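Inspection log for the structure reproduced underneath, given as structure tokens.
Chain letters run A, B, ... following the sequence lines, proteins first, then strands; residues in each count from 1. All values reported here derive from a predicted model rather than from experimental measurement.
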Amino acid sequence: MAALSQNLVPASVPVPDAFEARTNATFEALMWALSRPGTVQTLPAPGMTGLVEALVDRECKVFCDDPDLSRFVAFTGATLAPAAAADHAFLGLDRAEGLAHLEQIPVGSALYPDDGATVVAFARFGEGQRLRLIGPGIETSVEITLGGLVPGLWALRAARSCYPAGFDMFFICGTSVIGLPRSTLIEVL
Amino acid sequence: MSIASLTKAWQPMSYGFLDASAKRELRRKMLKAIAVPGCQMPYASREVPMARGWGTGGLQVTLTLLKPSSVVKVIDQGADDSVNAASIRSFLSKVSGAAETWDTLAASLIQSRHRIPEERLHAGQILVLQVPNPEPLRPVEPNMSIARQMHADADYGRLWLILYEQIVRSGRIMEGAAYPSLVNGRHVMTPSPIPRWDVPKLHMAQHLTFLSAGREKRLYAVPPFTKVEPLVFSDVPFKVEDHGALTCHRSGVKGFYMNEIPQGDGGSAYELSDSHLGIKAIRQAEGEADRIGATWYQNGQSA
């Protein structure tokens, strides 16, 4: 009896396991990336798998154009869905095909802004297109450069955004992440 | 594939009380809340070992964010030592191993019922406000489907009508707490029942604010550097409570939001609502090295 009650009492100082620590740190990076658009936050591990672990489960519909990542996503129990039905999309925006998928991503509506998808893509930071960002999370304005992205991406984002409808983007470069919420206005310089 | 690879070792409790799927759902909604500041996002609102209406919404957001290196402060109407605040704080540290503090400057995570601390929050701090009623339109539109449509249309005329009627009837705006405020120029939110004194602290702030209603199952956020403008008429300016000239009878501090304590002779004494600010001031007066940070208000005026 004593042994049983000992088992049921949690350890005096709970310690997160590796999965919990990783997903917590990943979310914290994503949260600050979205709260302060344009700032570079650090993920605990490179690549998109960490985001999948932290955000995606069987309640999600995920579109993924990378077959390796698709298998990882399927393992979480998420439904693999076409781009037009996805709430999370992991896209390769370095090619025109990715842009075609982005064109179909749900943006939600003024009635249900939370139906707008979360889009994750790789990019190269500090090179390529110069962008000026203004909006919530930015005191005045901030300039960033994002490379390795297909031309026409920013025009498509502008065309599909009708605040509060829109999609929210995370760009990943190694262990670095930049967030661009739908509330951010982007000026292509 | 083996069974072992699909299962996890038995644990007496998930770290941070909430299980992984509850945290993922909250994370998804918290990201959407940040992306659309002031817009209420529905979420599942899991059971926690506390009755709904006692801060379960704030608790779930805090539990999702907690990690062993977190330093948590919990206040209830400004006080760290009230039963509700002390119980939530000890629960948070028990389930996560996070450190507890009363000091606003030392906290990484501040869960609050109806006050924002008087010391300025800095970048990197997260304020979690408990919200009983997240819908600013409820007094004018009890049907939540229609209220949702009104938010979609940015149809907030009836909120101005309430304020107008108050001015006509009473000569001034009577909204004491939960003053409706326009966030990012688009969504009107209720900033939880914080006094008017605290509403300007949300405007273009350094810190990130989450507001979460557990019973109503909705959460919303105010990211850093986001416009939060109380609804006002251009010829009737927004006024905070007239507390700038009051002095705390315990610490002698002047110029902050006060609790009124009725006295036997019919008069009132006042004491600082932000209890730890008072403690710091008393310690300083006694010669202890206790630092009071920069405050939002100086000499009773918004800085």
Legend entry - Under 3.5 Å: donor-acceptor pair, side chain of Gln129(A), backbone of Leu189(A): yes
Inset, instruction - Using modelled atom types only, decide if a donor and an acceptor are shared between the side chain of Arg130(A) and the backbone of Glu143(A) within a distance under 3.5 Å. - result: no
Legend entry - Part of Val36(B) lying under 4.5 Å from any heavy atom of chain A: both
Legend entry - Ile138(A) portion near chain B, given a 4.5 angstrom heavy-atom threshold: backbone
Inset, instruction - Please flag which part of Ser96(B) lies under 4.5 Å from any non-hydrogen atom of chain A: side chain, backbone, both or neither. - result: backbone
Inset, instruction - Sort Tyr43(B) into side chain, backbone, both or neither according to what part of it lies under 4.5 angstrom from a heavy atom of chain A. - result: neither
Legend entry - Thr184(A), part contacting chain B, at a heavy-atom distance under 4.5 Å: neither
Inset, instruction - May I ask you to name which of Thr140(A), Thr23(A), Leu30(A) has the most heavy-atom pairs under 4.5 Å with chain B? - result: Thr23(A)
Legend entry - Contact winner vs chain B - Gly137(A), Cys60(A), Pro181(A), Ala25(A), heavy-atom pairs under 4.5 Å: Gly137(A)
Inset, instruction - Using non-hydrogen atoms and a 4.5 Å limit, figure out which bit of Leu26(B) sits close to chain A: side chain, backbone, both or neither. - result: neither
Legend entry - Side chain Ser45(B), main chain Gly214(B), donor-acceptor under 3.5 Å: yes
Inset, instruction - Look up atom CG in Leu185(A) and atom OG in Ser161(A), then write down how far apart they are to the nearest 0.5 Å. - result: 9.0 Å
Inset, instruction - Could you look at Pro37(B) and say if it's the side chain, the backbone, both or neither that has a heavy atom under 4.5 Å from chain A? - result: both
Legend entry - Polar contact flag, side-chain donor to acceptor under 3.5 angstrom, Ser93(B)-Glu100(B): yes
Inset, instruction - State whether a side-chain donor-acceptor pair under 3.5 Å links Thr145(A) with Glu127(A). - result: no
Legend entry - Which atoms of Phe19(A) approach chain B - backbone, side chain, both or neither, heavy atom under 4.5 Å: side chain
Inset, instruction - Go through Pro136(A), Gly116(A), Pro113(A) and name the one with the most non-hydrogen pairs under 4.5 angstrom from chain B. - result: Pro136(A)
Legend entry - Interface moiety of Ala123(B) toward chain A, non-hydrogen atoms closer than 4.5 Å: both
Inset, instruction - Look at the rings of His187(B) and His151(B) and say which category their plane angle falls in: under 30° parallel, 30 to 60° tilted, over 60° perpendicular. - result: tilted
Inset, instruction - Count the heavy-atom pairs under 4.5 Å between each of Thr226(B), Val222(B), Ile34(B) and chain A, then report the option with the highest count. - result: Ile34(B)
Inset, instruction - Tell me, for Phe170(A) versus chain B, whether the close heavy atoms (under 4.5 Å) come from the side chain, the backbone, both or neither. - result: side chain
Inset, instruction - Could you verify whether a donor N or O on one side chain and an acceptor N or O on the other, from Thr62(B) and Gln60(B), lie under 3.5 Å apart? - result: no
Legend entry - Passing option when Lys32(B) is tested against Thr118(A), Asp114(A), Asp87(A) for side-chain hydrogen bond (donor to acceptor under 3.5 Å, both in side chains): Thr118(A)
Inset, instruction - Examine whether an atom of Glu28(A) lies under 4.5 Å from a heavy atom of chain B, and if so say whether it belongs to the side chain, the backbone or both; otherwise answer neither. - result: side chain
Legend entry - Among Lys8(B), Lys67(B), Lys23(B), the one residue meeting salt bridge (charged side-chain N to carboxylate O under 4.0 Å, His left out) with Glu20(A): Lys23(B)
Legend entry - Polar side-chain atom of Asn143(B) near backbone of Ser145(B) as donor-acceptor pair, under 3.5 Å: yes
Legend entry - Residue selection (most heavy-atom pairs with chain A, distance under 4.5 Å) from Arg148(B), Met204(B), Gln206(B): Arg148(B)
Inset, instruction - Could you check which of Arg36(A), Glu53(A), His88(A) has the highest count of heavy-atom pairs closer than 4.5 Å to chain B? - result: Arg36(A)
